[in-house]
**Student:** 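Below is a structure I'd like to ask you about.
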Amino acid sequence: MLIAKKLLSLLLMISLVAILLPVKSASAATWSLVWSDEFNGTSLNRANWTTEIGTGSGGWGNNELQYYTERPENLQVTGGNLVITARKEGYGGMNYTSARIKTQGLQNFTYGKVEARIKLPSGQGLWPAFWMLGSNITSVGWPRSGEIDIMERVNHNPNVNGTVHWDAGGHAEYGRASGNLDFSQFHVYSIEWDSKYIRWFVDGQQFNEFYIENGTGNTEEFHRPFFILLNMAVGGNWPGSPNNSTPFPSQMLVDYVRVYQDTGAPSVISDGIYTIGSKVSGKVLDVADVSTASGAKIQQWTNFSANNQRFRVQSTGDGYYKITAVHSNKVLDVPSSSTSTGVQLQQWDDNGSNAQRWRIVDVGGGYYKLISKASGLVVDVASASTADGAAIQQWTDNGSDAQKWSFTKIN
């Protein structure tokens with residue numbers, strides 16, 4: 001949605017064949033609802049959404065023709081729906097108005113099932129979308145942030161498109177269209193996104209799949225937090241301009257937006273006390289110097305079954321876990337909620353933040369990876385070291401043994 005559709009060069013297409021060819025396989029996830037907006041009130045929930053105002057840069061990067069507002073003429077919550085209305089009217093120097101909302105800075109997600117039930121309009125020059133952008137876009141820019149277009153429709157097209165954009169030494173994209181749909185009805189548009197694939201669905205029927213495991217094809221972007229957007233553009237490089245047949249006002253109705261996380265963590269990961277051992281070194285997570293202070297660093301050390309090497313693993317009920325050092329009662333924490341690679345982990349007072357919440361994912365062979373809710377990065381032994389005292393850090397998921405952990409239950 002951010003910029004106009006482009007064809008990949010033949011060279012890039014050839015180099016990416018391995019990640020573009022889909023492997024049809026059903027999701028084995030056990031989904032648990034972690035966030036939603038049902039739009040049952042009378043106004044936009046500002047704890048979930050902010051509005052975009054104006055014309056953006058270059059018509060929001062696409063030479064779009066609308067001016068986005070938050071006026072009730074363009075944006076309402078009514079009748080159990082979010083209603084985005086595109087109008088033909090002079091406003092802010094443009095000839096059309098509409099609305100665009102986002103969860104940026106409020107609700108961010110890494111992996112999961114993201115879905116919305118939406119009724120879409122038809123008309124030349126109309127471009128409704130339900131999509132996601134990488135939360136680090138303000139620091140790294142686009143396309144390095146990554147973009148996941150869950151649903152886009154243009155004009156009178158009988159289908160919708162599901163697409164990803166990312167940086168592979170320049171802008172790369174891959175997408176497919178769904179089957180034909182009856183747009184007089186609501187449909188549920190969704191993705192299922194994990195560490196290996198992004199898969200697109202309409203009403204539960206899959207129509208696209210994209211392989212991202214271990215950042216294959218420079219897809220590291222898709223292992224980090226994203227935020228959600230809903231909007232309806234008018235005009236732009238892809239749909240072209242409206243014409244005399246385009247119905248105005250036109251409305252995009254959103255019944256709900258829901259996000260689920262996979263709670264199917266293996267049974268070995270349950271409330272209890274564990275040592276957490278590195279596959280690469282055979283050493284265990286250890287709080288440096290047996291410190292009880294907030295900010296004490298996490299390292300690896302030979303397993304002496306000491307209390308500073310024992311951790312209580314507790315579900316927080318949303319597909320994530322907190323990991324608490326037995327000797328200090330402080331939790332495993334990403335300093336300052338950083339999203340940077342190479343940040344050494346620490347222990348800190350439990351404040352319930354995303355920096356202290358971890359997904360525990362079975363990678364086979366009795367090992368697991370630990371994924372930070374705050375950053376989407378995984379727990380890693382720095383430089384794959386086998387030495388006592390090596391730093392335990394967060395790093396991009398690369399599937400190496402330095403990122404695989406065994407959980408040995410103490411009691």
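Just so you know, these numbers come straight off a predicted model, no measurement behind them.
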**Student:** Under 3.5 Å, is there a donor-acceptor pair between the side chain of H327 and the main chain of S291?
**Tutor:**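 Yes: the side chain of H327 pairs with the backbone of S291.
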
**Student:** Kindly give the heavy-atom pair with the smallest separation between T396 and R224, and that separation in Å.
**Tutor:**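 Shortest heavy-atom separation between T396 and R224 comes out as OG1-NH2, 3.7 Å.
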
**Student:** Hey, could you give me the CG/CG distance between N40 and D255, rounded to the nearest 0.5 Å?
**Tutor:**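 Those atoms lie 8.0 Å apart.
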
**Student:** Can the ring centroids of H165 and W142 be said to lie less than 6.0 angstrom from one another?
**Tutor:**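 Between H165 and W142, the centre distance is under 6.0 Å.
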
**Student:** If you measure only the distance, is there a donor-acceptor pair under 3.5 Å linking the side chains of N48 and D37?
**Tutor:**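 Short answer, yes.
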
**Student:** For a quick check under 3.5 Å, do W127 and E152 share a side-chain donor-acceptor pair by atom type?
**Tutor:**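 Side-chain D/A pair, W127 to E152: present.
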
**Student:** Is the centre of the W131 ring less than 6.0 Å from the centre of the F227 ring?
**Tutor:**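 When the ring centroids of W131 and F227 are compared, they turn out to be at least 6.0 Å apart.
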
**Student:** If I compare all heavy atoms of G272 with all of K409, which pair ends up nearest, and what's the gap?
**Tutor:**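 Answer, listing the atom of G272 first, then K409: CA-CE, 4.1 Å.
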
**Student:** Would you say the side-chain atoms of W200 pair up with the backbone N or O of D149, donor to acceptor, closer than 3.5 Å?
**Tutor:**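 Yes, the answer is positive, given that a donor and an acceptor are paired below the 3.5 Å cut-off.
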
**Student:** Under a plain distance cut-off of 3.5 Å, with no hydrogens placed, do N243 and Q124 share a side-chain donor-acceptor pair?
**Tutor:**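 The answer is no; no qualifying pair exists.
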
**Student:** Would you say S281 and Q300 are linked by a side-chain donor-acceptor pair, where the criterion is simply a distance under 3.5 Å?
**Tutor:**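 Result is yes, a qualifying pair exists.
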
**Student:** As a quick check of understanding, evaluate salt bridge (Lys or Arg N to Asp or Glu O under 4.0 Å) for K102 and E52, giving each step before the final call.
**Tutor:** CA-CA 8 Å; K102 60 183 182 179; E52 302 261 34; 3.4 Å; yes

**Student:** Evaluate the criterion ring-ring contact (aromatic ring centres under 6.0 Å, His included) for residue pair Y260 and W35; output intermediate values, then yes/no.
**Tutor:** CA-CA 7 Å; Y260 304 80; W35 175 83; over 10 Å; no

**Student:** Apply salt bridge (Lys or Arg N to Asp or Glu O under 4.0 Å) to the pair R46 and E70, showing each step before the final yes or no.
**Tutor:** CA-CA 12 Å; R46 297 292 178 158; E70 58 181 5; 3.3 Å; yes

**Student:** Mind checking whether Y174 and F210 have parallel, tilted or perpendicular rings, split at 30° and 60°?
**Tutor:**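 Rings of Y174 and F210: parallel, as their planes differ by under 30°.
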
**Student:** Does A47 offer a backbone N or O that forms a donor-acceptor pair with the side chain of N45 under 3.5 Å?
**Tutor:**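 Checked: pair present.
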
**Student:** For S406 and Y367, indicate whether the former's side chain and the latter's backbone hold a donor-acceptor pair under 3.5 Å.
**Tutor:**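 Here the side-chain-to-backbone pair does not exist.
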
**Student:** Taking 4.0 angstrom as the limit, do E73 and R87 come out as a salt bridge?
**Tutor:**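 Salt bridge absent between E73 and R87.
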
**Student:** Do you know the tightest heavy-atom contact between V280 and A384?
**Tutor:**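 Heavy atoms of V280 and A384 come nearest at CG2-O, 3.8 Å.
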
**Student:** Check whether NZ of the Lys or CZ of the Arg R117 lies under 6.0 Å from the centre of the six-membered ring of F186 and within 45 degrees of that ring's axis.
**Tutor:**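 Yes, a cation-pi geometry holds between R117 and F186.
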
**Student:** How about Q251 and T85: does a side-chain donor come under 3.5 Å of a side-chain acceptor?
**Tutor:**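 A donor-acceptor contact under 3.5 Å links the two side chains.
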
**Student:** May I ask you to decide whether R258 forms a salt bridge with E38, counting only side-chain N to carboxylate O separations under 4.0 Å?
**Tutor:**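 Salt bridge present between R258 and E38.
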
**Student:** Taking the six-membered ring where the residue is Trp, are the ring centres of Y197 and Y211 under 6.0 Å apart?
**Tutor:**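 Yes: the rings meet the under 6.0 Å criterion.
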
**Student:** Donor-acceptor pair, distance only, cut-off 3.5 Å: does the side chain of R153 make one with the backbone of P121?
**Tutor:**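 Side chain of R153 to backbone of P121, a donor-acceptor pair under 3.5 Å: yes, one is there.
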
**Student:** Locate the shortest heavy-atom distance separating Y68 from M232; write the atom from each residue and the value.
**Tutor:**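 That closest heavy-atom pairing would be CE2-O, 3.6 Å.
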
**Student:** Answer yes or no: is there an ion pair linking D380 with K369, defined by an N-O contact shorter than 4.0 Å?
**Tutor:**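 So D380 does not pair with K369 through a salt bridge.
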
**Student:** Taking the side chain from N108 and the backbone from P225, do they hold a donor-acceptor pair closer than 3.5 Å?
**Tutor:**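 Answer holds: no.
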
**Student:** Taking the six-membered ring for Trp and the single ring otherwise, decide whether the centroids of F226 and W193 are under 6.0 Å apart.
**Tutor:**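 Aromatic pair counts; centres sit under 6.0 Å.
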
**Student:** Which heavy-atom pair separates V379 from W405 by the least distance, and what is that distance?
**Tutor:**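 Nearest heavy atoms, V379 then W405: O-NE1, 3.2 Å.
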
**Student:** Taking atom types as modelled and ignoring hydrogens, do the side chains of N74 and S98 form a donor-acceptor contact shorter than 3.5 angstrom?
**Tutor:**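 No donor-acceptor contact under 3.5 Å links the two side chains.
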
**Student:** Could you tell me whether the side chain of T339 reaches within less than 4.5 Å of the side chain of V334, counting heavy atoms only?
**Tutor:**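 No; the side chains remain at least 4.5 Å from each other.
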
**Student:** On the six-membered ring of Y320, is K373 placed so that its NZ or CZ lies under 6.0 angstrom from the centre and within 45° of the ring axis?
**Tutor:**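 Yes; both conditions hold, so K373 lies above the ring face of Y320.
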
**Student:** For S145 and N136, does a side-chain donor sit closer than 3.5 Å to a side-chain acceptor?
**Tutor:**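 On atom types as modelled, these side chains do not qualify, holding no pair under 3.5 Å.
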
**Student:** Please report the shortest heavy-atom distance between Q104 and I137, naming the atom on each side.
**Tutor:**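 Taking Q104 first and I137 second, the nearest heavy atoms are NE2-CG2, 3.9 Å.
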
**Student:** Is the positively charged end of R71 above the ring of Y91, judged by distance under 6.0 angstrom from the centroid and angle within 45° of the axis?
**Tutor:**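 Pair R71/Y91 counts as cation-pi.
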
**Student:** Got a donor-acceptor contact below 3.5 angstrom from the T219 side chain to the F222 backbone?
**Tutor:**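 Here the side-chain-to-backbone pair does not exist.
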
**Student:** Are the aromatic ring centres of F201 and Y189 under 6.0 angstrom apart?
**Tutor:**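 For F201 and Y189, the ring centres are not under 6.0 Å apart.
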
**Student:** Does Y321 have R357 sitting over its ring (NZ/CZ under 6.0 Å from centre, angle to axis within 45°)?
**Tutor:**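 Because its charged atom misses either the 6.0 Å distance or the 45° angle limit, R357 does not stack over Y321.
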
**Student:** Can you see whether N218 engages D167 through a side-chain donor-acceptor pair at a distance of less than 3.5 angstrom?
**Tutor:**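 Distance-only check fails for N218 and D167.
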
**Student:** Inspect the contact between R199 and E192 and indicate whether a charged nitrogen and a carboxylate oxygen are less than 4.0 angstrom apart.
**Tutor:**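 A salt bridge is absent here (no side-chain N lies under 4.0 Å from a carboxylate O).
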
